[in-house]
Amino acid sequence: MSAKKSKITGDVVRDDFNSINTVLHYTRAAHFIGLWKSELKLIEEYFPDKSAALLEAGCGAGRVAVGLWHQGYRNITAFDFAAELIEQAENLAQEQGIVGITFLQADATTVGAVARNAQERKTKAGTRVKTLKGKRPYLPQLPQPPKNLDGKKRPGFAKNSFDGALFMFNGLMQIPGRENRGAALRGLHTLCRPGAHFIFTTHDREDPKDAKEWTKEAARWAVGEQDSQLLEFGDRYFSDDTGNTFMHLPDRKEVLDEMTATGWSHVYDSTRNELASETPKVRNFSDNCRFWVARR
């Protein structure tokens, strides 16, 4: 009998994204693919104001953020938790002479706490506190604002400061654990202004072509014979020539329930193939996926 494997964690996924093969994979996409036709269609529809303050979570090597800049958007903040990918994104922007994109290293599951605690710091800084005789006042340690690669703090994350948000190429579903994905959704909700739209993608567990495989997977979970690394039904963890990949594939009800639980309202959803006929480069880079649009 094989040894039981440790559960997939955020640290495992971060290490996978920082691996050389994965970094090269996303860097090539940023340089040679750019925005998909389906992405551009929704961006133009839901973010018509080119001066809007946009936030991209899980920006990787800069494919979407740089693509937004080339479409005329000039107020873009993009972050990823993988330092190697952020470095590639900054390099790409510098190579193309792009200014106006703020790239930050940060974790989507904690950006909301950073914003909330920034306000708490201000409150505590201005509050008179009682102290023991001869002792300095104690303030609990709070999450700090993110830093750019030059080590300088960037304000970046403040409550109600963005007009729209994106989490593309299934990035939300590469966060292990439903509770953690919920934290990311709540965090982005905190950062966006009322009325802001949020575009994200998922793979679709209810795709008919995968029905037989998911039936078999459900049977494995029913008797405890699933991959012991996985946290929840719908999880996958696989390896190919681009590296290791964790992915959670939700069903429709799960996505809609999570939107409601985290304050988002469902606006629209459609598969990529229904939205646009993509180029061979895009189809080779990614399977079909489902686009979701939510509103704060």
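Residue numbers run from 1 in the order of the sequence given. Quick note: numbers below take in every heavy atom, side chains included, and nothing from hydrogens, waters or symmetry partners.
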Atom pair [atom1] ([X]) and [atom2] ([Y]), whose distance is rounded to the nearest 0.5 Å:
X: Thr215; Y: Lys212; atom1: OG1; atom2: NZ; result: 9.5 Å
X: Ile175; Y: Ile8; atom1: CD1; atom2: CD1; result: 14.5 Å
X: Leu68; Y: Met168; atom1: CG; atom2: CE; result: 8.0 Å
X: Leu249; Y: Glu217; atom1: CG; atom2: CD; result: 10.5 Å
X: Arg181; Y: Thr262; atom1: CZ; atom2: OG1; result: 12.0 Å
X: Leu166; Y: Leu54; atom1: CG; atom2: CG; result: 6.5 Å

Inset, instruction - Assign the ring pair Phe169 / Tyr26 to parallel, tilted or perpendicular, where the plane angle (0 to 90°) is split at 30° and 60°. - result: perpendicular
[X] and [Y]: which non-hydrogen atoms are nearest, and at how many Å?
X: Pro176; Y: Val13; answer: CG-CG2, 3.6 Å
X: Gly263; Y: His189; answer: O-NE2, 3.1 Å
X: Ala30; Y: Gly62; answer: CB-C, 4.2 Å
X: Gly10; Y: Phe81; answer: O-CE1, 3.8 Å
X: Thr201; Y: Met173; answer: O-CG, 4.5 Å
X: Leu275; Y: Lys41; answer: O-NZ, 3.4 Å

With a 3.5 Å cut-off and no angle check, do the side chains of [X] and [Y] form a donor-acceptor pair?
X: Thr271; Y: Asn273; result: no
X: Asp11; Y: Thr9; result: no
X: Asn180; Y: Thr109; result: no
X: Asn170; Y: Arg290; result: no
X: Ser38; Y: Glu278; result: yes

Basic-acidic side-chain contact under 4.0 Å: [X], [Y]:
X: Arg14; Y: Asp107; answer: yes
X: Lys37; Y: Glu274; answer: no
X: Asp269; Y: Arg252; answer: yes
X: Glu258; Y: Arg178; answer: yes
X: Glu213; Y: Arg205; answer: no

Inset, instruction - Please name all residues satisfying side-chain contact (heavy atoms from CB on, under 4.5 Å) with Asp163, sequence neighbours left out, ordered by chain then number. - result: Ala52, Ala53, Arg193
Legend entry - Residue list, side-chain contact (heavy atoms from CB on, under 4.5 Å) with Ala57, at least two apart or on another chain: Phe79, Phe167, Leu188
Check whether [X] reaches the backbone of [Y] with its side chain - one donor and one acceptor, N or O, closer than 3.5 Å.
X: Trp69; Y: Val99; answer: yes
X: His203; Y: Asn288; answer: yes
X: Lys7; Y: Leu230; answer: yes
X: Asp80; Y: Gly60; answer: yes
X: Glu84; Y: Val23; answer: no
X: Lys216; Y: Ala211; answer: no
X: Asp207; Y: Asp210; answer: no
X: Arg295; Y: Val267; answer: no

Inset, instruction - Apply the side chain to side chain donor-acceptor pair (under 3.5 Å) test between Ser19 and each candidate in Asp15, Asn21, Asp16, Thr22; give the one that qualifies. - result: Thr22
Legend entry - Cation-pi geometry met for Arg296 and Trp264 (6.0 Å, 45°): no
Side chains of [X] and [Y], heavy atoms from C-beta outward: is any pair under 4.5 Å?
X: Thr102; Y: Ile76; result: no
X: Arg74; Y: Ile101; result: no
X: Leu42; Y: Trp36; result: no
X: Phe157; Y: Thr190; result: no
X: Thr77; Y: Glu56; result: no
X: Trp292; Y: Ser270; result: no
X: Met259; Y: Leu185; result: no
X: Phe47; Y: His197; result: yes

Inset, instruction - May I have the step-by-step check of side-chain contact (heavy atoms from CB on, under 4.5 Å) for Gln96 and His70, ending in yes or no? - result: CA-CA 10 Å; Gln96 298 189 11; His70 284 300; 2.5 Å; yes
Inset, instruction - Check the pair Gln174 / Thr245 against side-chain contact (heavy atoms from CB on, under 4.5 Å), numbers first and verdict last. - result: CA-CA 8 Å; Gln174 292 184 276; Thr245 299; 3.6 Å; yes
Legend entry - Thr27: side-chain hydrogen bond (donor to acceptor under 3.5 Å, both in side chains) partners, not counting sequence neighbours: none
Legend entry - For Ile20, the rest of its hydrophobic cluster, which grows through side-chain links under 4.5 angstrom: Leu24
Legend entry - Any residue meeting ring pair (Phe, Tyr, Trp, His ring centres under 6.0 Å) with His248, in chain and number order, not counting sequence neighbours: none
Legend entry - Counterpart residues, salt bridge (charged side-chain N to carboxylate O under 4.0 Å, His left out), relative to Asp240 (two or more places apart): none
Inset, instruction - Using the side-chain contact (heavy atoms from CB on, under 4.5 Å) rule, take Ile98 and Val66 through it: C-alpha gap first, then chi angles, then the decisive distance, then the call. - result: CA-CA 8 Å; Ile98 292 173; Val66 169; 3.6 Å; yes
Taking the ring centre of each residue, are [X] and [Y] less than 6.0 Å apart?
X: His25; Y: Phe285; value: yes
X: Tyr268; Y: Phe291; value: no
X: Trp214; Y: Phe233; value: yes

Inset, instruction - Please step through side-chain contact (heavy atoms from CB on, under 4.5 Å) for the pair Val111 and Leu191, ending with a clear verdict. - result: CA-CA 8 Å; Val111 290; Leu191 299 180; 3.9 Å; yes
